[in-house]
Every structure is written in structure tokens, then in C-alpha cells.
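Heads up: the structure comes next, in C-alpha cells.
In what follows, every heavy atom counts, from backbone to side chain, and hydrogens, waters and symmetry copies are set aside.
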Amino acid sequence: MPEHVPAGRAAALARVALAYIIAVAVAGVWLWSGPSTGSLLLDTLVADLLATLVIFAFSRYHRNSSFYDAYWSVIPPLLLIYWWWQGPLGFGDVRTWLLFVVVMVWAIRLTANWVSTFPGLHHEDWRYGRLRDDAGRWELPVDLFAIHVIPTLQVFAGMLPVYVAVTRPGEGPAWLVGAAVLLGLGAVALETVADLQLRRFTRERRPGQVMDRGVWAWSRHPNYFGEFTFWFALALFGVAASPSDAWWLFVGAAVMLALFEGASIPMMENRSLQRRPDYQAVIDRVPRFVPRPPRTVRG
């Protein structure tokens, strides 16, 4: 980190906030006065990528890619609001208000959790450093694409059902909207409980102790399962708006599942095994992803 950058937590959060204000402003300028692609969806994708490049510039300047962390939860509500504003449904559409509530509850909780646990610019998510170190001379493009651009595209894919839901009149059954609301809020509740339990365990644990209590006794990664369930709920909102598009509206949720199962979970588990050998006992007993009662391991 450059020597002239303040390292205090409050100053660090202010600097991150400044990065996001500039990023959103750049996206807004593009949407307001930039050349139109003729497609609301494509216009917002370009704006999203431009904002990502702003965050990437801050990440490189501060040598800390955790500048991007909050992007995951900050941008989706802005996309929803812009699409809703530009779409034909108007602000009296009840289904869209329900979707808005689910997305906002998720975004506020996830962003607040990040803010409350971010210690300052001296800290960076360990996975970013490992990715860059493994890339060698390709470190810069890996930082740009693997840590910034690809996650932006993944989140945008997850938001495609939201675009459908806020730009098309609902044709599906009303019960499906209710199911999506309950599933989405339930996912947020699960993530909240998992984070609170993990935070309490982190404060009280003994050296080498592994987390296998509460919801963590039913899934080794309940937070990831809750996150996937949230994106699945968004897909249900899209299906409720346009049942004929159901065949592709779950693509975003599938992308999230691939991210968790193919990258995030393996990296977390390998690190846990390296740092705490007793974690193998948790692997043998506790389900990997979908919560269910733990297995009985016979000696």
C-alpha cells in the first residue's frame, strides 16, 4: 500500500466509499449521455463494467483488491432501481415492490456485514493474493478479470431474472411470487445466523478448534448455501413474470453454484485443512453444501 494512504479503519472505509461514489457516477454519466446501444440491458451492462474498471483502478492504486468486495452487494439494488425506472411497470407494481424488498434486505445485510468486519486497507482477502501469486507474470490480467470483471459478469447474470421481473407484466401464478419472497428472505436469514455464529465462534475458539456447531453442524458452508438460495429466489421472480423464459432464467443461479462449488468452497476447505488438520473430521461428518443432519462416523 502506498505510504501516503491512511491506514485507519474509518479513513479506509471513507476511501472505499469514495471509490464507489466515483464508480457509480461514471456509470451514471454513461447511461445519461453516453452512446446508446439500443438495449436497456446492454446499456446497463456497459455501465456496470465501466464502474468495475473504476474499482479496479482503486484496487491497483492501493494494492488491495478487497476494494471490490462490497461491489457484490452494492450494485444489484442500483440495477434493479434503474431497470424499474426505465421499464413500463411503474412504481405501483406490487410484485416489483416485493422483489425490491428482498433485494434491499439482502444488500443491506451483506454490505453491513462487510463493513463491520473490514479492518482497514492493511487487510486483503487472502484468496486475492493467492490468485495473483499463482498467476506470476499474468498477475495484472488475473487481477482484472478473475477478481473484478468475471464476478461482475456473474452478478449481472444473476440479476437477469430481476430485469425480466421489472420490465414485463407478470404472467405466472401469484403463489410463485410468494414462494420467491419467502425463499429469498429465508436465505438472508440463514446467512445472517451463519455469520453471527461464525463471528461468535471466532471470538471464543481455542487454537486449532474447528467450527461445527449451530447451522455449521448441518452444512460446512451454510453462508454459501444461503447465497445460492437467494439467487435461486431471484430466478423464481423472473419465472413469475415470464414463465415462457424459465428455461434460461436459472442460468445466473447455476453460475453462482458453479462459483461456490468449483472455486470458493475448494479454496476454503484446502486452507482449513492446511491450518487445522482436525477439519478432516468435520468433512467426514458434516454435509458439504446443502444443510442436512450430520453423518454418524463410526470409529
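Under the side-chain hydrogen bond (donor to acceptor under 3.5 Å, both in side chains) criterion, Y82 pairs with no residue at all, not counting sequence neighbours. Residues forming a salt bridge (Lys or Arg N to Asp or Glu O under 4.0 Å) with R109 (at least two apart in sequence, or on another chain): D195. For the ring pair (Phe, Tyr, Trp, His ring centres under 6.0 Å) test, no residue two or more places apart in sequence or in another chain qualifies with W126. Partners of F225 by ring pair (Phe, Tyr, Trp, His ring centres under 6.0 Å), not counting sequence neighbours, listed by chain and number: F289.
Between E261 and R288 a salt bridge is recorded (basic side-chain N to carboxylate O distance below 4.0 Å).
The aromatic rings of F67 and H62 are tilted relative to each other, their planes meeting at an angle between 30° and 60°. By the 30° and 60° cut-offs, the orientation of the rings of W231 relative to W106 is perpendicular.
The main-chain N or O of G90 is found under 3.5 Å from a side-chain atom of W84 such that the two form a donor-acceptor pair. In this structure, Q154 contributes its side chain and L259 its backbone to no donor-acceptor pair below 3.5 Å. For the pair W30 (side chain) and D43 (backbone), a donor-acceptor distance under 3.5 Å is present.
Side chains of S65 and R132: a donor on one and an acceptor on the other come within 3.5 Å. For the 3.5 Å distance criterion, the side chains of W114 and S73 fail to qualify, holding no donor opposite an acceptor.
Within the structure, salt bridge (Lys or Arg N to Asp or Glu O under 4.0 Å) contacts touching residues 207-217 (residues at least two apart or in different chains) are D212-R285.
The two residues L121 and N64 have their closest heavy-atom pair at O-ND2, 3.0 Å.
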Side-chain donor/acceptor pairs under 3.5 Å, residues 51-59, sequence neighbours excluded:
unit_1, atom_1, unit_2, atom_2, d
T52, OG1, D48, O, 2.9
T52, OG1, Y71, OH, 3.3
T52, OG1, T152, OG1, 2.8
S59, OG, I55, O, 3.0
S59, OG, H148, NE2, 3.0

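Within a 6.0 Å sphere centred on CH2 of W248, heavy atoms belonging to other residues, nucleotides or ligands number more than 12.
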